[in-house]
Amino acid sequence: MFFRFIYTYIIIENVRQYCIGVYLVEKFVVTGGKPLFGNVNISGAKNAAVAIIPAVILCDEPCQIENIPNISDVTLISKILQQMGATVRRINKSSLYIDPTQIKTCSAVTDLVRGMRASYYLLGALLGKCGKAKVALPGGCNFGVRPIDQHLKGFEALGAETRLVDGAIIEAECTKGLVGTHIYLDVVSVGATMNIMLAASRASGQTIIENAAREPHIVDLANFLNSMGADIRGAGTDVIKIRGVSYLHGVSYSIIPDQIEAGTYMCAAVATRGCVTINNITPKHLESITAKFREMGVNITEYDEAIKVDATSGNLKRCNIKTMPHPGFPTDCQPQFTAMLMSVPGTSIVNENVWDNRYQYISELVRMGAHISVEGRLAIIEGGTPLTAAPVKATDLRAGAAMIIAALEINGTTEISSIQYIERGYEDVVEKFRGIGADIKKVYFTGDNEQELGA
Ligand code: EPU
């Protein structure tokens with residue numbers, strides 16, 4: 001009798017948990033219309049972290065990585081490494097201990113792997129370490145076709161054979177050992193540049209990547225590999241030379257600050273005509289963004305590791321941007337900048353020159369009353385028109401950040417759904433915005449109930 005009771009209880013409890021899991025909807029609720037003021041501290045760079053964590057696979061000893069952002073993409077890639085046999089321990093909020101020495105597999109084909117774009121770095125790391133790799137095709141933010149042909153072209157040039165299995169898994173194998181070579185990238189690709197660097201760092205001889213991407217996180221990955229004993233020169237220029245080594249030793253390494261997170265808070269400060277100091281950053285990485293703000297008449301003061309953005313004088317000029325690989329204006333700041341430009345009277349034109357389809361979020365801004373039309377790669381913004389609160393969704397990570405910025409401009413209360421995209425890449429986004437005076441909270445809805453989650 002007693003056991004039957006326990007059994008029934010367990011079944012009912014499981015059904016209840018399942019229903020909550022299925023029907024629980026998390027949202028951000030933002031009441032805007034007031035300027036942001038104060039200081040915000042920037043976390044480590046997401047796009048450096050998601051490459052450096054799998055790069056530890058190449059190492060022959062444990063490593064400690066500092067200034068890791070506490071975001072769901074980092075949790076995901078850490079779990080993937082754990083599934084593969086690595087020990088991954090969080091030492092504190094921003095430090096990870098990773099021991100890759102117990103990884104006995106060269107395969108990563110779980111749902112977790114499919115769930116994130118950056119899992120493609122497992123290909124380069126495993127190929128470099130074991131000479132073969134089997135990795136599920138990446139998911140992640142969806143904006144148009146996201147090919148990886150340049151990654152595969154690089155691996156093949158190093159001597160690997162690659163093939164697509166069942167349309168969903170990439171296999172790469174090099175039976176005779178990777179051999180350094182000359183690789184010219186047909187398009188400037190961050191992912192291909194980093195993936196080839198990973199594989200080539202354990203190849204025999206020298207690899208030269210021409211037309212390489214130059215983003216700060218490429219320099220960061222090279223610095224990390226070099227600190228372990230790799231021999232990589234030229235990162236940050238469009239020609240990178242990698243001489244393969246046979247052993248990489250453990251290190252303690254600190255990741256660079258996130259330029260896109262910094263750019264996001266800069267846009268929010270300007271959009272609300274506030275004054276915010278952005279701390280823990282490298283001003284040089286933000287030059288293309290600060291140049292645009294200066295052109296608009298925003299008062300920018302640079303310090304060694306901080307930038308003050310003062311838009312309180314009000315009268316801002318419209319401006320145009322064109323996204324380009326670094327050192328051009330970053331595509332990952334395009335949606336946030338567009339949302340900010342909605343507040344500036346006049347016609348501004350955005351030219352998205354990196355991704356084919358990164359304007360899916362514009363229809364959400366239009367629901368808020370924005371006057372924006374899209375023509376091919378151009379978004380034409382008639383700024384300064386009245387906006388009204390509306391329920392909107394984050395269509396991807398940066399689009400979600402753009403929704404928060406737009407909501408902060410509106411004298412009213414906006415609900416933003418699909419916030420899991422935002423939490424993929426922004427650490428403590430609610431706390432950080434609240435810290436500069438924003439009225440933002442995370443709520444969850446289960447049926448008719450609305451509850452606030454811890455700030
Ligand atoms: N491309 C190809 N072939 C390839 C690779 C890329 O044609 O093999 C094209 C793409 O279709 C795109 C362009 O080249 O048009 C640039 O793509 P890239 O490879 O540089 O992008 P990625 O490495 O997949 C990273 C960031 C993105 C960021 C881009 C561009 C990570 C995990 N992702 O993606 O970040 O937009 O570089 O800077 O590092 C974000 O953080 O929100 C984000 C999407």
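Each ligand, and each atom within it, is numbered from 1 in the order the structure gives.
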Do the side chain of [X] and the main chain of [Y] share a donor and acceptor less than 3.5 angstrom apart?
| X | Y | answer |
| --- | --- | --- |
| Arg434 | Gly437 | no |
| Ser95 | Asn92 | no |
| Tyr359 | Arg377 | yes |

Ligand 1 atoms nearer than 4.0 angstrom to some heavy atom of Leu397 are 42 (O)
Quick note on ligand 1: atoms under 4.0 Å from a heavy atom of His151 include exactly 8 (O)
- prompt: Looking only at side chains, do Gln336 and Thr264 share a donor and an acceptor under 3.5 Å apart?
  reply: yes
Please state which part of [X] comes within less than 4.0 Å of ligand 1, counting heavy atoms only: side chain, backbone, both or neither.
| X | answer |
| --- | --- |
| Ser189 | both |
| Asp149 | both |
| Tyr120 | side chain |
| Met116 | neither |
| His326 | neither |

Applying salt bridge (Lys or Arg N to Asp or Glu O under 4.0 Å) to Arg233 and not counting sequence neighbours gives Asp231
Salt bridge (Lys or Arg N to Asp or Glu O under 4.0 Å) filter on Glu210, not counting sequence neighbours, yields none
Nearest to [atom] by heavy atom, [options]: which?
| atom | options | value |
| --- | --- | --- |
| atom 40 (C) of ligand 1 | Ile148, Asp332, Thr331, Thr193 | Asp332 |
| atom 39 (O) of ligand 1 | Leu185, Asn47, Asn195 | Asn47 |
| atom 8 (O) of ligand 1 | Arg358, Gln150, Glu261 | Gln150 |

Ignoring angles and geometry beyond distance, decide whether [X] reaches within less than 3.5 Å of ligand 1 through its nitrogen or oxygen atoms.
| X | value |
| --- | --- |
| Gly191 | yes |
| Val354 | yes |
| His217 | no |
| Val190 | yes |

Q. Taking atom NZ of Lys176 as the centre, does the number of heavy atoms from other residues, nucleotides or ligands within less than 6.0 Å exceed 12?
A. no
#### Entry: CG/Asp304: more than 12 non-hydrogen atoms of other groups inside 6.0 Å
no
| Contact check, Pro147 vs ligand 1, heavy-atom distance below 4.0 Å | yes
Verdict with reasoning, Arg358 to Thr331, per side chain to side chain donor-acceptor pair (under 3.5 Å)
CA-CA 9 Å; Arg358 205 171 191 173; Thr331 173; 2.9 Å; yes
query = side chain to side chain donor-acceptor pair (under 3.5 Å) between Tyr303 and Thr277: does it pass, once the steps are laid out?
reply = CA-CA 10 Å; Tyr303 305 95; Thr277 301; 5.9 Å; no
